[in-house]
Every structure is written in structure tokens, then in C-alpha cells.
Amino acid sequence: MPIAFQDNDPANTGFQFLEDLSTAYWYSQVLFTALELELFRHMEQDKNTAEDIAAAASCNPGELARLLTAMARTGLVLHRDGSYYNTQAASRFLIPGKPDYMGDFFLYRQYMRPQWDGLTQKVSRAADSPPEDLSYEERNLKYVAAMDTLVRQKAVEIQALLAAENISGTMVDIGGGAGSLVRAVQTAAPVDSALLFDIPEVIGAARRLYPRDKDWRGIEALGGDFRTHEFDRTFSLVCLSNFLHAYGPEEAKPLLFKAVSLLEPGGLLVIHDYFPDRRGPVPQKGALYDVCMMVNTFNGACHDAATVVGWCREAGMKTCSVNDLSTDTAVILAKREGELVRPHDPLESFAIELGFDNMVGISARDVVTAPWARQKCRFGCDRFGKGLQCPPHGMDHVQTRELLDAYSRIYLLRGAPPGNSFHKALLALERKAFLSGFHKAFVFGAGPCNVCPECPEDGKCRNPKLARPSMEGSGIDVYATAENAGISLKPVTKKGQYVTYLGLLLVE
């Protein structure tokens, strides 16, 4: 997955481009560490599970697993069925002893990094000025101010999510920093009063950042340690924004349970954080932020959204939803009773469990149909005329267009060989959708039907329950459709290159 700043639009008004620039060294350090530990060499020697790689490279299994997740999310390796494999580029350029090995060259870039730390002094006329020596109080103030700036940007979208839920009553923002999220919520929901809770030194910094009385209208600021503080009231809205990742799972789970205990009947829990398993606009960031917490904190960790949702359900939350923001974080909403305006999509979680790399929601118009697609089958595939799900049989592009336009929700699914496994996963997802109430659920597969070795000569399909048409064989321009979904797809030009499979799920 490319770093967002590669395709930055100069007219873009968002901050994510700048955020990715500021953390670009996270990406390179993951590569450097993998090279220093020779992880690519071990994977090439069939050490593919996290446990086997850890043993071969003399690494701590837990920490290495988190690094491997970041490597997979940044595109350095592939993650399939609990195992990790080199990409084609890694296999060619990052294996010591191979003719095109470039690992030492890339590590040379790392050796140059300390000189880059002096770039400001090199450019500045005040190069001889000593660095600013700040007290703990001033450093804390700068940190709180920096985090407050970030929260103000994120709060706009979080505010919109909460406004749709018609929240009223009282709220508490746990670990809320200088209170920007509280202020945003107050403008969107009829909240009677709000409690801003954080450690005392953060509350002190918040008072310095917002010295005016009107900045604290309707807000009570309270300093304390959430792990030990005893609350004497409950709230209709409980927020945990960038809070859980400060703790490992052994601490984070009971702290979430404690937050749930502060909810009034019908109240809403909001968890805003970086989640390694989310596939939003910047899918690498959750895994990279997890490595950042591993490096910079005692036991901090970014927890998968699926894990946190599981904790919420254990704590008695009936309904949950996960909402990716337009940046690099996501928001989990959870209630003990009642429904959410944006319910959780169970199909997405199930798709990931089935092994699909990605599941992207698209509109019917994003699926491109064209007459030439079936002609490519006729004049470019040796299976033409041999399969009942392939041309000249099956739907043409006009019929496919009519079918697509009869659906309001379409998902593009990305996976990998073997074809049998991919096809079975598509059927399992279709069945899950049907049982979840989507009675029109239907899937398109990738390539010729592989249910039977060959189709019967009488032209009657023996397994219509299992057979499904392919996208290209039904007149769909797969490459243009993938591009519309933001998925990069290129032809395989050499033997041994990795193959990408794409399928469609139609639901109503």
C-alpha cells in the first residue's frame, strides 16, 4: 500500500498528507529493522509463522508479531492464513546472496540518517544556537497542545457521527486532553454538562491553553488516574479517544469495562483510536502506530477493532459499529440497548475471517461493463466455449448491467490463489449475507468456474448451487472497476509473479 503523500492533490485541504510526511521514518525503520534481523531471509527459507521466524531470528515472539503486522500492512510481506511470505520485490532485492540483493544499499540510507538530524542547523543562520532546554511542565504543555490540534481535526467527523445518534444529557471524555472533543460534541448535541477527565498535569496544561472562562462553559475539568479514580455519577455519553492504546490488553480490557460501567441506561460509548486491523484510507497507520507504542511506552499497544468490539460485547453492549474516518483512525460506537444509526456491517468482519485481503463498498455505477470484455474471453482464453459459466454462455454486458443496477450495495473483494479456496470463500460470504437478511445476495467469481473438472456435454450444469459466473466472463471491465474501488491491479507478465483475484458481492 503506497504512502498517501505519493498521490497528494495540491488542492487537498486535509492534514493526512502532512501527517504521513511527519511519520515517513516509521515506514523506513520497519524496513531497516527487518533487514538487520534478516527476516526476509528466514521467510525465504520456509520459516513463515511468527513463531518460527522469531525462533530463527532470536526475537521476542510478541514484539516480532507486531512488527510483522506492520510489515504486511506496508506491503513488505504478504500475510496469508497465519503465515508471512516475501513479496516478489522482497524476494528479489532483500535476500542476502541473491544476484540483485540491495539490502546493504538500503541500510546505507539508515546510516546517513543522523546527518539528516542536523538539517535544520545546516540551513539555519542560527546554527550555533543551543537547543531549547524545556522543563517537564513546558514539554507537557507542548505535547498537550499538539494532541489538541490533532483532536480538533478529527473532532469534525466524530461530531457528525454523534450528532446522528441524538445524544443528550451528560458526557465524560476520559483522557480528553485539552477538551477539543468535548467542545465539538457540545456544538452538535444538547449535552447538559461535560466532564473532562485526565491526569492532573494534562488538566493543568489545558487550563493554560484555554485560559478564558467561556472556553470552559458547561465543562468541568477533573484531574486523576482513571485506573483508580472512583466516579460518583453516570453519563449518557462516555468517550475514550486515543486512550486504550496507552495500555496493553491486560489493562485495556478492564479499563474499557470500567468505562462501560459509567454509562446510563441507553447511553453511548465512543472509542476513537488507531486500529491495526482497519482498512481505511491509510490502512498502514494502525499497525505502524502499534509499533510506535511498543517503542515509546512501557506496555502500550493498538488493539484490533474486532478485539475491542469483542470486549464491548463481553461488557454487555448489545449493538456496536466501526466507522473509519477519512484519515487514519476509526470510531467504535456501542450501546447496551437500542439501535445505532450506523449499524456494524457484519459482512466486512466475516470477509476478513474468510481470508479476503480487502472488501471495498462501491456503487453499481463503479462497476464498469463493456462489450469488449467477453470478446477478450472469445479471442484470448483457451477455455472459451468449454464452460457453462463462460462465454458464449452466461450473461452478456447488457444483462449484467441490468442485474447490477438492481442492487444498492456492492462490494469488491480482493484475495489470492488457490482459486478453489477463493471461490469457496465467495460462496461462504454469499451464504452469510443471505442468512443475515440480504435475500438477494449474489457473487461473481474470478476466472473460469472450477467447481467441476469440466462441464457436461449435454450443457446442463450439475452444480448450480456452487457455480457462479466470473466478472470478466459477464462483461465486466475488472481493471476499471478495481481502479474505481481504489485497488491497484496489474497484469501478470512473468512466471512466478503473485496473482490477485477479485470478486463481487451484490446485496440488497
Side-chain angles (χ1 to χ4, degrees), residues 15-30 113-155 172-184 195-213 215-216 219-229 239-248 251-252 255 272-274 285-286 288-302 327-329:
F15 72 92
Q16 192 60 52
F17 156 66
L18 302 173
E19 157 67 5
D20 286 332
L21 277 178
S22 71
T23 56
Y25 67 97
W26 292 7
Y27 297 76
S28 57
Q29 189 56 53
V30 167
R113 201 190 73 80
Q115 282 67 47
W116 280 78
D117 288 341
L119 180 61
T120 301
Q121 287 69 34
K122 192 72 173 178
V123 175
S124 173
R125 290 181 178 178
D128 296 330
S129 299
E132 190 177 8
D133 187 16
L134 299 176
S135 65
Y136 170 77
E137 183 180 4
E138 292 301 316
R139 280 189 283 116
N140 179 65
L141 179 67
K142 283 182 173 290
Y143 172 77
V144 175
M147 292 300 102
D148 192 58
T149 302
L150 177 64
V151 172
R152 286 206 305 272
Q153 301 299 323
K154 304 276 190 177
V172 59
D173 189 2
I174 300 163
S180 282
L181 181 58
V182 170
R183 296 181 183 93
L195 174 64
L196 176 65
F197 185 90
D198 213 317
I199 58 177
E201 54 262 45
V202 170
I203 296 298
R207 289 288 189 185
R208 291 180 62 186
L209 291 172
Y210 292 94
R212 300 177 302 180
D213 289 341
D215 292 327
W216 296 94
I219 302 174
E220 175 191 353
L222 177 63
D225 187 335
F226 184 67
R227 294 172 296 181
T228 56
H229 185 81
C239 298
L240 296 169
S241 182
N242 289 332
F243 177 81
L244 291 180
H245 70 230
Y247 305 95
E251 284 186 283
L255 289 177
H272 167 237
D273 221 314
Y274 295 88
K285 193 56 69 68
L288 287 170
Y289 207 94
D290 178 51
V291 174
C292 179
M293 297 307 295
M294 180 172 66
V295 171
N296 289 288
T297 67
F298 173 68
N299 69 339
C302 293
T327 53
D328 51 9
T329 51

Practice task
Please tell me if the side chains of Leu209 and Val144 come closer than 4.5 Å, counting only heavy atoms from C-beta onward.
Solution key: yes
Handout entry: Met293 side chain reached by Tyr247 side chain, heavy atoms, under 4.5 Å
Key = no
Handout entry: CG-CD distance between Asp328 and Glu19, expressed to the nearest 0.5 angstrom
Key = 5.5 Å
Exercise for the section: Look at the aromatic rings of Tyr289 and His245 and report parallel, tilted or perpendicular, splitting at 30° and 60°. Expected result: tilted
Exercise for the section: Flag the pair Lys285 and Asp20 as a salt bridge only when some basic side-chain nitrogen lies within less than 4.0 angstrom of an acidic carboxylate oxygen. Expected result: yes
Exercise for the section: May I ask you to check whether Asp148 and Tyr210 show a side-chain donor-acceptor distance below 3.5 Å? Expected result: yes
Handout entry: Heavy-atom side-chain contact between Leu222 and His229 under 4.5 Å
Key = yes
Practice task
Please work out which of the three classes, parallel, tilted or perpendicular, describes the rings of Phe226 and Phe243, given edges at 30° and 60°.
Solution key: perpendicular
Exercise for the section: Flag the pair Ile219 / Arg183 as yes when at least one side-chain heavy-atom distance between them is below 4.5 Å, and no otherwise. Expected result: yes
Practice task
Flag the pair Phe15 / Thr327 as yes when at least one side-chain heavy-atom distance between them is below 4.5 Å, and no otherwise.
Solution key: yes
Handout entry: Point-to-point distance, once rounded to the nearest 0.5 Å, from CZ of Arg139 to CD of Glu201
Key = 11.5 Å
Problem - Leu196 side, atom CG; Glu220 side, atom CD - distance, nearest 0.5 Å - result: 9.5 Å
Handout entry: Straight-line distance of Ile174 CD1 to Leu255 CG, nearest 0.5 Å
Key = 9.0 Å
